[in-house]
Amino acid sequence: MESPITILQRQRALLQTEYAYEKEEFQRLTEATGVQRKVERGMAWFPLTMGRAYHNSLDQFVVEVCRTATEPAAAGGADGELSLFEPGKPVCFFSEDASGDRHGTGGLLHYYKFVAQVSYVEDDRMVIALPSPEALEQLRGAYRLGVQLYLDEQTYRLMFEALDDVIHAKTGRLAELREMFHSTLPVGKFTFAPVRFPWLNTSQQAAVNEVLWAKDVAVVHGPPGTGKTTTLVEAIYETLRRENQVMVCAQSNMAVDWIAEKLVDRGVSVLRIGNPTRVTDKMLGFTYERRFEAHPAYQELWAVRRAIRQLYDSASGNRESRHQKISRLKDRATDLEYTINQALFADAKVIACTLAGSANRLLTGMKFGTLFIDEAAQALEAACWIAIRKAHRVVLAGDHRQLPPTIKSPEAMKGGLDRTLMQYIVEQKPQAVSLLRVQYRMCDAIMQFPNREFYHGLLQSAPEVKYRGILDWDTAVEWIDTNPEQIARMAEGNERLQQLLAVGRQKGAAKTPPDIREGEQGGGARSRANPLEALLTTESLRRYFEKIGKERLLEERVDVGIISPYKGQVRLLRRLLREDRYWKPFRSLISVNTVDGFQGQERDVIVISLVRSNEEGDIGFLRDLRRMNVAITRARMKLIILGDRDTICRMPFYKRLAEYIDETY
């Protein structure tokens with residue numbers, strides 16, 4: 001068996017491979033992709049107008065920018081895609097050469113050498129923290145200004161530092177946890193009597209007690225719809241009866257905000273470190289920035305900081321005297337900051353942040369008895385160690401049978417960089433794992449296949465969801481075969497489908513192979529699309545809507561998710577829905593996104609377009625069955641799958657899925 005240090009050294013080498021690959025891809029994208037394509041993908045805002053510049057509550061120098069274009073493509077994506085800008089993400093500014101505009105062509109782009117950071121973003125307005133006021137002066141003379149996402153090198157640096165600390169740890173708790181997690185050493189447990197939680201089901205109660213008994217590590221394995229968040233909140237709440245303060249982390253800002261909001265609902269004092277991706281009104285008052293500004297000593301601190309800036313800007317008076325005043329004021333500002341921070345952290349029972357955010361300077365030197373990591377199956381092991389360095393014991397929650405971490409380098413993926421810390425512990429420490437067994441989302445017919453394939457048949461449906469459906473005598477799961485020959489047979493006697501296919505041929509859908517690689521303008525990344533299947537997807541949903549009835553759909557707000565593993569197909573489906581007036585009354589009820597975009601969500605109806613259709617039986621990353629598990633288990637009452645059976649079902653998993661549907665119905 002490999003030593004823990006060897007395993008971590010290999011992880012570090014693979015992380016270096018991923019970092020080099022991402023740097024190279026970013027450079028290629030920056031040089032080869034046109035500005036308009038970056039705007040359509042949500043990676044850039046262009047053109048911009050600059051608003052006011054000021055120092056925020058954290059004494060950062062920030063500037064407000066607004067995007068001026070009003071077309072859909074400029075407003076966050078060609079097909080309604082969300083902007084990828086989030087608080088905390090690094091960005092770089094660029095400007096266009098004015099000569100290009102005079103000649104009617106796009107001008108050359110000039111990239112500014114400094115890196116800034118998103119502080120706040122909403123709709124068409126963004127607040128960006130600049131490295132210095134001098135950076136603003138560089139931007140003022142720009143002809144046409146834009147901003148785009150920059151490579152997040154800071155997170156990589158933090159992960160490398162964390163791995164180095166763990167690898168070189170000789171003694172202490174960090175070394176003990178390293179040996180525990182990557183060896184067959186047994187986990188330690190306390191032996192006090194179990195606590196009863198009548199409002200939880202049996203498996204949830206068992207999971208909370210296992211967390212309380214754990215001396216080293218515990219894993220809460222929460223399959224879709226089993227109440228993982230409810231269980232985790234209860235475990236945190238009960239842990240706080242025994243400990244003064246805990247840290248709660250997750251890979252993404254959204255996941256952190258979700259768990260933090262649930263803790264606030266339980267009356268727990270939460271201090272949210274870092275900028276939440278989407279700060280709800282409920283959470284806004286719990287962010288560090290807002291709590292800092294609300295402290296009674298803040299007004300004095302603001303006045304002191306303003307006085308310091310004025311002294312720096314002043315050229316009058318004795319230089320030595322001015323420096324002495326600045327020095328005294330800085331000492332006072334430091335004292336006030338310390339006083340405010342001490343009060344904020346003393347009051348907080350939960351410190352909530354992302355895994356990378358646990359390295360925030362505000363948390364320097366802090367230690368926690370227990371660290372809770374939510375969505376641990378989506379986090380790189382290196383990212384987990386950033387936070388684990390501050391903890392005595394660790395509780396991981398998630399589902400390693402759903403989405404893995406995002407890995408871009410094929411070499412790093414092949415080497416196993418996507419193998420998470422949670423996976424290691426689940427495999428080597430089964431006694432530390434608590435499986436939540438009752439799911440409250442899917443009707444039984446939808447649940448049974450993923451239950452059999454991914455969870456050894458151990459899950460059961462709660463009575464209140466087991467037999468529910470939208471229509472009487474409905475089939476909860478169906479597969480519509482999109483093989484071209486099958487579609488032709490379906491069209492016989494179906495006048496509407498014949499008209500639909502005729503329109504598709506006019507638009508070129510039938511002039512290309514069913515499964516095409518969609519090229520992006522400007523040399524950017526490419527994605528798969530299947531125009532014929534996209535037409536059939538919208539038609540299948542239309543037929544189901546007509547069975548339900550417009551009035552009932554709107555009155556009961558039956559919500560629908562259309563999922564495709566490929567961004568090219570997502571863009572195509574969004575365009576079809578936008579261009580057809582039939583969908584106008586239902587647009588607020590329909591979401592179209594990739595599998596990753598639907599993680600953690602659920603809908604009454606889920607429609608999945610699998611896209612791949614070719615004679616070779618090549619299905620690409622549809623081979624990642626964890627993604628299909630996520631897609632299938634988003635549905636509450638109805639699941640419609642569209643795909644070419646001849647292509648897709650050459651893989652045994654999909655063949656079993658098709659056979660399950662045929663046998664059930």
Side-chain angles (χ1 to χ4, degrees), residues 1-12 15 158-192 210-220 232 235-236 238-251 273 345 348-374 376 379-398 420-429 431-434:
M1 184 175 178
E2 280 187 301
S3 73
I5 290 178
T6 302
I7 293 171
L8 290 169
Q9 286 174 334
R10 184 172 66 250
Q11 285 278 315
R12 195 189 192 288
L15 187 64
L158 293 173
M159 288 193 289
F160 285 128
E161 286 180 0
L163 284 177
D164 289 340
D165 286 348
V166 180
I167 290 169
H168 296 116
K170 303 297 183 185
T171 59
R173 190 55 175 162
L174 190 61
E176 291 174 358
L177 291 176
R178 177 193 67 206
E179 300 302 311
M180 172 69 66
F181 294 168
H182 287 293
S183 73
T184 56
L185 288 172
V187 295
K189 289 191 178 183
F190 296 107
T191 56
F192 53 83
E210 288 293 340
V211 168
L212 300 177
W213 289 332
K215 288 184 178 180
D216 306 301
V217 62
V219 174
V220 178
L232 192 59
I236 294 169
E238 198 64 26
T239 299
L240 287 170
R241 293 179 181 272
R242 295 157 175 79
E243 300 176 19
N244 185 54
Q245 191 177 67
V246 301
M247 175 179 274
V248 177
C249 293
Q251 174 67 18
I273 304 297
F345 283 97
K349 302 293 286 183
V350 170
I351 305 299
C353 57
T354 62
L355 291 166
S358 67
N360 192 296
R361 63 175 181 83
L362 294 168
L363 303 176
T364 301
M366 293 187 68
K367 297 290 183 181
F368 300 88
T370 305
L371 164 68
F372 292 86
I373 302 179
D374 195 14
L380 289 174
E381 177 172 353
C384 290
W385 283 111
I386 299 172
I388 293 173
R389 292 178 298 177
K390 295 181 177 295
H392 182 78
R393 69 178 191 132
V394 183
V395 178
L396 305 172
T420 64
L421 182 61
M422 181 171 170
Q423 283 178 275
Y424 276 111
I425 295 172
V426 167
E427 292 169 9
Q428 296 182 17
K429 306 280 188 294
Q431 67 274 27
V433 182
S434 300

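- Aromatic rings from Phe181 and Trp385 are positioned such that their centres are separated by under 6.0 Å.
- Between Arg12 and Asp164, at least one side-chain N (NZ, or NE/NH1/NH2) sits under 4.0 Å from a carboxylate O, which counts as a salt bridge.
- To the nearest 0.5 Å, atoms CG (Leu177) and NE2 (His392) are separated by 8.0 Å.
- A donor-acceptor pair shorter than 3.5 Å cannot be found between the side chains of Thr354 and Gln251.
- The shortest non-hydrogen separation linking Cys249 to Leu355 is CB-CD2, 3.7 Å.
- Screening Arg173, Lys189, Arg393 against Asp216 for a salt bridge (charged side-chain N to carboxylate O under 4.0 Å, His left out) leaves a single residue, Arg173.
- The structure places CD of Gln245 at 11.5 Å from OG1 of Thr370, a figure rounded to the nearest 0.5 Å.
- Side-chain contact check for Pro4 versus Val166: every heavy-atom pair is 4.5 Å or farther apart.
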- Message: Checking Tyr424 against His182 for the ring pair (Phe, Tyr, Trp, His ring centres under 6.0 Å) test, could you report, in this order, the C-alpha distance in whole Å, the side-chain angles of both residues, the deciding distance, and whether it holds?
- Response: CA-CA 7 Å; Tyr424 276 111; His182 287 293; 4.5 Å; yes
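- With respect to Arg178 and Asp165, no salt bridge is recorded, no charged nitrogen being found less than 4.0 Å from a carboxylate O.
- For the pair Ala387 and Met247, the tightest heavy-atom approach, listed with the atom from each and the gap, is CB-SD, 4.5 Å.
- Glu210 approaches Gln431 most closely through the heavy-atom pair OE1-O, 4.5 Å.
- Scanning both residues, Ala359 and Leu158, for their nearest heavy atoms gives CB-CD2, 3.7 Å.
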(Q) With side chain to side chain contact (heavy atoms under 4.5 Å, CB included) as the criterion, how do Val248 and Phe368 come out once you've worked through the C-alpha distance, each side chain's angles and the decisive distance to 0.1 Å? (A) CA-CA 10 Å; Val248 177; Phe368 300 88; over 6 Å; no
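- Looking at Val187 and Lys215, their side chains never come closer than 4.5 Å, going by heavy atoms from C-beta outward.
- No side-chain heavy atom of Glu381 sits less than 4.5 Å from a side-chain heavy atom of Gln423.
- When all heavy atoms of Met422 and Ala376 are compared, the pair lying nearest together is SD-CB, 4.1 Å.
- Side-chain atoms of Leu212 and Arg242, non-hydrogen and from C-beta on, do get closer than 4.5 Å to each other.
- In plain terms, the two heavy atoms of Ala235 and Val211 that are nearest each other are CB-CG1, 4.0 Å.
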